[in-house]
Chemist: 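The structure follows.
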Amino acid sequence: MTITTAQFVRGVVGSHNVIVDERPQIAFIGRSNVGKSSVINMLVGQKNLVKSSATPGKTQQINFFLINDALYFVDLPGYGYAKLGAKYREKLRRLILWYFISGEAPITKTVLIIDAKAGLRDFDREMIAVLEEYRHPFIIVANKIDKLNQKETHRALCDIAEEIGDRVPIFPVSAQTGKGGKKVLHNILSGVSLA
Ligand code: GDP
């Protein structure tokens with residue numbers, strides 16, 4: 001269950017050129033600034049594989065990372081970055097929805113990353129509805145738990161579970177300290193052959 005290699009393969013701005021081959025895809029989604037890049041970097045054990053969505057000039061695109069030559073981690077655009085205009089944000093939203101709805105990519109699991117303190121927001125709720133409707137298995141990663149004490153973390157996890165029920169696994173994580181990362185990896189890589 002170890003990741004030995006992780007490399008950037010392709011960034012895609014439109015729906016064409018999305019990688020579709022026999023390798024399974026694990027999708028990562030989340031509002032911008034929840035720490036999506038940090039979480040992926042923690043999981044692959046590389047500090048700078050994924051650039052923060054707040055990096056100036058970083059194109060908002062679907063980024064494909066090849067893991068152990070066996071599967072892809074697919075980093076969907078961070079949604080809601082304030083500096084992007086409403087029109088462009090809507091374009092990104094549509095691109096994200098297309099990826100899940102078109103049925104083209106062999107997505108085996110989706111990781112919805114949220115800020116544990118902020119909880120579920122409208123974009124997350126919309127994504128959950130889409131993932132459920134199109135029967136994409138998903139987990140929720142509640143990041144930045146280093147900012148909460150034990151009681152607050154418990155409360156945050158209960159609030160999420162109360163809203164979506166106990167059918168979705170929720171993982172408390174801190175990309176900053178690495179806490180919780182192993183359990184997430186175990187979940188998303190189980191059943192996938194790492195070659
Ligand atoms: P992205 O926009 O979702 O890709 O988010 P980034 O990974 O760029 O992180 C956004 C900000 O949150 C950065 O300032 C990170 O240093 C910070 N951050 C990310 N993960 C954590 C975490 O687990 N704990 C804390 N305290 N900050 C974090």
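Counting starts at 1 for both ligands and their atoms, following the listed order. This chain uses plain numbering: 1 for the first residue, then up along the sequence. Keep in mind that what you see is a predicted model, and the values were worked out from it rather than measured.
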Chemist: Which of the atoms in ligand 1, numbered in the order shown and given with their element, are less than 4.0 Å from a heavy-atom of S38?
Modeler: 6 (P), 7 (O), 9 (O), 19 (C), 20 (N)
Chemist: Considering only heavy atoms, which of A116, S174, G35 lies nearest to atom 5 (O) of ligand 1?
Modeler: G35
Chemist: Taking only residues two or more places apart in sequence or in another chain, which ones pass side chain to side chain donor-acceptor pair (under 3.5 Å) with S102?
Modeler: none
Chemist: Any ion pair linking K147 and E152 (charged N to carboxylate O, less than 4.0 Å)?
Modeler: no
Chemist: Thinking salt bridges, do K36 and D75 make one under a 4.0 Å N-O criterion?
Modeler: yes
Chemist: For F100 and H136, take the angle between the two ring planes, folded into 0 to 90°, and tell me which bin it lands in: parallel under 30, tilted 30 to 60, perpendicular over 60.
Modeler: perpendicular
Chemist: Mind checking whether A175 has an N or O less than 3.5 Å away from an N or O of ligand 1?
Modeler: yes
Chemist: Nearest heavy atom to atom 3 (O) of ligand 1: which of K117, K147, K144, K36 does it belong to?
Modeler: K36
Chemist: Compare L148, N33, V39 and give the one whose heavy atom is closest to atom 10 (C) of ligand 1.
Modeler: N33
Chemist: Do S32 and ligand 1 have an N or O pair less than 3.5 Å apart?
Modeler: no
Chemist: Salt-bridge test for E90 and K87: reply yes if a basic N is under 4.0 Å from a carboxylate O, no otherwise.
Modeler: no
Chemist: At a 4.0 Å threshold, what atoms of ligand 1 neighbour a non-hydrogen atom of V34?
Modeler: 3 (O)
Chemist: Tell me every residue that passes side chain to side chain donor-acceptor pair (under 3.5 Å) with D21, counting only those two or more places apart in sequence or in another chain.
Modeler: R23, Y72
